[in-house]
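Worksheet: the structure to be examined is printed underneath.
Just follow the structure's listing: the first ligand is 1, and inside any ligand the first atom is 1.
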Amino acid sequence: MAPKTLFGLLIFLFLLVSSTALSFTFHGFNESNITREEKAKIDNQGRLELTRRENNIVGHAFYNESIKILDKNASVQPKVFSFSTCFVFSIVSPSAGPGGFGLAFTIAPSTRFPQAEGGHLLGLFNSLNDMNSSNHILVVEFDTVNGYKDATDTVGNHVGVNKNGMSSNISEPAAYFVDGKKEEFNMEKADAVCVWIEYDGETEILNLTVSPYLEPKPNKPLISQAVHIKSVMKESMFFGFSASTGKRKASAHYILGWSFALNGVAPPLDYALLPKPPPKEKHSQSFPWIKVIIGMLSALTFTLLCLFLYVTLYKRYMVFETLEDWEMDCPHRFRYRDLHLATKGFVESQLIGVGGFGSVYKGVLPRTGTEVAVKRILRTPAKGMREFAAEIESLGRLRHKNLVNLQGWCKQKNDLLLVYDYIPNGSLDSLLFSRSFVLDWNHRFRILKGVAAGLLYLHEEWEQVVIHRDVKSSNILIDGDFNAHLGDFGLARLYSHDKESHTTSVVGTIGYIAPELTRTGKASTSSDVYAFGVLLLEVVAGTRPVGSSDQFFLVDWVLENFQLGQILEVVDPKLDSIYEEEEVELVLKLGLLCAQNKAEYRPSIEQVTRYLNFDDPFPDISDCRYYDSQSSTTSLGFLEAMSTGKTSSSYSLPSIDRSTMSIEAGR
Ligand SMILES: *[C@@H]1O[C@H](CO)[C@@H](O)[C@H](O)[C@H]1NC(C)=O
Ligand SMILES: *[C@@H]1O[C@H](CO)[C@@H](O)[C@H](O)[C@H]1NC(C)=O
Ligand SMILES: *[C@@H]1O[C@H](CO)[C@@H](O)[C@H](O)[C@H]1NC(C)=O
Ligand SMILES: *[C@@H]1O[C@H](CO)[C@@H](O)[C@H](O)[C@H]1NC(C)=O
Ligand SMILES: *[C@@H]1O[C@H](CO)[C@@H](O)[C@H](O)[C@H]1NC(C)=O
Ligand SMILES: *[C@@H]1O[C@H](CO)[C@@H](O)[C@H](O)[C@H]1NC(C)=O
Ligand SMILES: *[C@@H]1O[C@H](CO)[C@@H](O)[C@H](O)[C@H]1NC(C)=O
């Protein structure tokens with residue numbers, strides 16, 4: 001033990017004194033100590049990029065100081081110093097087509113290689129000086145393309161040791177030993193490749209070991225063979241790398257780290273300190289050019305077809321419908337043609353209702369396939385159409401889940417078409433008074449809350465106050481999930497629009513019209529609340545607001561029962577006493593509070609919403625002050641006025657039919 005240690009120490013001391021011990025390590029690269037020629041560069045991650053993926057280029061990078069490699073003081077004749085090096089390289093070949101051509105660890109007398117060629121010659125030689133002993137270049141090549149001086153190139157994937165040219169003195173497919181077994185691997189596909197080269201100056205044995213990145217260093221070198229390199233070496237040589245791409249084959253070649261030692265063991269690289277291997281291109285079989293061409297051709301055909309269709313349709317449409325300039329600017333404007341198509345030409349079979357302002361047709365829009373309800377309003381005034389449209393444009397921007405959203409409109413001569421979301425289950429009124437179907441309490445309550453939410457949006461949540469003016473059960477549509485959608489909002493206003501304000505006609509439906517409306521004709525959010533109050537009572541009682549006999553008035557009837565302390569007597573018998581008493585009582589009292597004659601005592605819709613959600617305690621309304629002017633005679637008087645047409649005489653629009661329609665609907 002002791003003599004061995006002593007011997008080692010002596011050798012160490014001898015080496016220290018007798019030879020130039022030099023060593024360096026690069027974990028990633030920067031500009032210092034490296035000379036680069038041709039296309040080699042250092043990327044921002046610190047990788048030394050010898051070539052990028054571009055055809056016909058070469059790149060060189062060398063340690064910038066030459067290293068004295070020949071020991072001229074050897075006793076008989078000069079000998080080569082031992083050296084050891086270790087580096088990590090990475091090749092990124094293109095996803096389509098082959099890559100090439102490889103890189104080489106190079107020992108050369110100069111860092112410049114004038115007239116050197118790329119491709120197989122790796123940027124070190126040209127066809128004239130290849131294998132000429134005056135080159136003095138030792139090459140350890142990592143070649144990815146075979147076939148140098150053969151007829152065809154094949155996948156190379158081999159390592160070799162060459163003297164003065166590209167004909168290998170020693171050559172092996174890339175492989176490494178794991179547990180004594182030789183495993184081949186592909187240097188292009190590996191994330192990176194680790195290389196160890198050790199040369200022993202005494203025995204002239206060169207060991208070459210390669211392994212895929214992050215594998216431990218194999219115990220056995222791939223090549224361990226005597227190579228007489230003395231004839232190749234000059235006294236001082238440059239150590240570094242060279243790489244090249246070819247005419248058609250181009251890979252990017254990177255060095256991630258490098259260590260070197262003269263007369264010693266190269267310091268091992270710490271992989272954690274290296275820059276990340278560059279990302280690989282995903283390999284696919286071959287690039288599907290055919291698919292791309294077919295795709296492009298079909299896209300072109302499709303575009304041409306669309307263009308053709310557009311031009312023809314546009315022409316026909318232009319004949320069909322003349323547009324005024326201002327109409328072009330309205331985003332909610334539909335084409336008459338489309339609506340005509342959607343409703344199959346407004347045929348009777350598509351008719352789903354005759355409402356306050358016109359007939360409603362079901363339709364399916366030709367382009368999008370969406371179901372819509374198209375309301376056709378005949379004989380609208382030609383004059384003032386522009387303001388009319390502006391108003392509808394603004395209503396078209398209203399969006400709420402409890403509204404029947406207006407999708408758009410269209411003008412055809414003097415007819416106006418309004419396009420709404422299609423709501424499948426019909427109106428609340430039809431469900432409530434259906435003979436075959438009983439709307440249960442939970443659904444009724446949910447519907448009422450939905451209507452309140454819709455009104456709240458119109459009154460308070462949208463950018464401007466929208467007064468509905470015609471809240472009633474037949475204007476509430478119910479969807480498949482029993483959600484309420486309030487329809488026809490704001491429309492009433494359109495009808496009084498072109499009239500001067502002081503003669504504004506009363507629009508609404510008998511039984512839902514607040515008393516002050518008949519006096520002032522001024523609709524307000526408060527008159528909407530009145531109508532909503534009537535609706536509350538109607539839904540609980542399952543009774544229309546105005547009876548078939550002129551004597552019956554729902555609000556009065558409920559109030560009477562309330563005052564007698566028997567408010568639950570009014571509940572719809574169809575409910576069969578299955579309901580939440582607390583909710584029913586709240587809705588009835590709230591109905592009375594809303595449908596009282598004095599507008600100033602009616603709650604706001606926001607307050608109504610809070611009561612309905614039990615967010616606020618409901619006030620005591622037994623105070624008769626709220627109802628002091630309420631009497632059946634005034635209500636009936638007002639009703640008579642409406643029925644005899646005194647009020648409706650101020651209609652100038654198709655609303656004469658409309659008012660009778662409304663009266664019918666109200667009953
Ligand atoms: C770079 O060169 C300088 C000067 O020759 C030297 O001091 C330094 O150690 C070298 N660095 C490396 C990493 O070899
Ligand atoms: C370059 O790298 C060397 C060693 O790797 C380091 O000492 C030096 O500071 C670096 N120089 C720059 C400019 O980053
Ligand atoms: C090599 O590079 C280092 C650091 O960049 C520099 O200090 C030194 O002078 C260079 N040596 C030669 C011979 O250029
Ligand atoms: C090599 O020999 C020369 C003279 O022949 C001498 O000056 C020099 O110091 C020697 N170098 C070594 C490293 O022994
Ligand atoms: C080798 O190169 C030298 C110098 O370039 C030249 O003189 C010589 O003829 C070449 N030898 C052969 C065999 O081509
Ligand atoms: C490799 O070199 C050795 C000695 O330098 C020689 O004997 C051998 O024939 C060479 N092998 C090839 C394949 O060139
Ligand atoms: C080269 O490899 C052989 C076989 O593994 C080993 O005995 C020898 O020490 C190695 N030489 C160097 C310089 O590492």
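- There is a protein heavy atom closer than 4.0 angstrom to atom 14 (O) of ligand 3.
- Nearest protein heavy-atom contact of atom 11 (N) of ligand 7 is N207 ND2, 2.7 Å.
- Ionic pairing of E463 and R397 is present here: one or more N-O contacts between side-chain nitrogen and carboxylate oxygen are shorter than 4.0 angstrom.
- The protein heavy-atom contact nearest to atom 5 (O) of ligand 7 is P221 CD, 3.4 Å.
- A side-chain donor-acceptor contact under 3.5 Å links T85 to the backbone of S259.
- By the 3.5 Å distance cut-off applied to N or O atoms, S32 is not counted among the residues near ligand 3.
- At a 3.5 angstrom cut-off on N or O pairs, E31 does not count as close to ligand 3.
- When each atom of ligand 7 is checked for a heavy atom of S224 under 4.0 Å away, the hits are 1 (C), 2 (O), 3 (C).
- For atom 7 (O) of ligand 3, no protein heavy-atom neighbour is present inside the 4.0 Å cut-off.
- No donor-acceptor pair under 3.5 Å is formed between the side chain of S84 and the backbone N or O of V265.
- E188 has no carboxylate O lying under 4.0 Å from a charged side-chain N of K280, or vice versa, which leaves the two without a salt bridge.
- The six-membered or imidazole ring of F105 lies near that of F241, with a centre-to-centre distance under 6.0 Å.
- Of the possible polar contacts, one joining the N135 side chain to the N129 backbone as a donor-acceptor pair under 3.5 Å is found.
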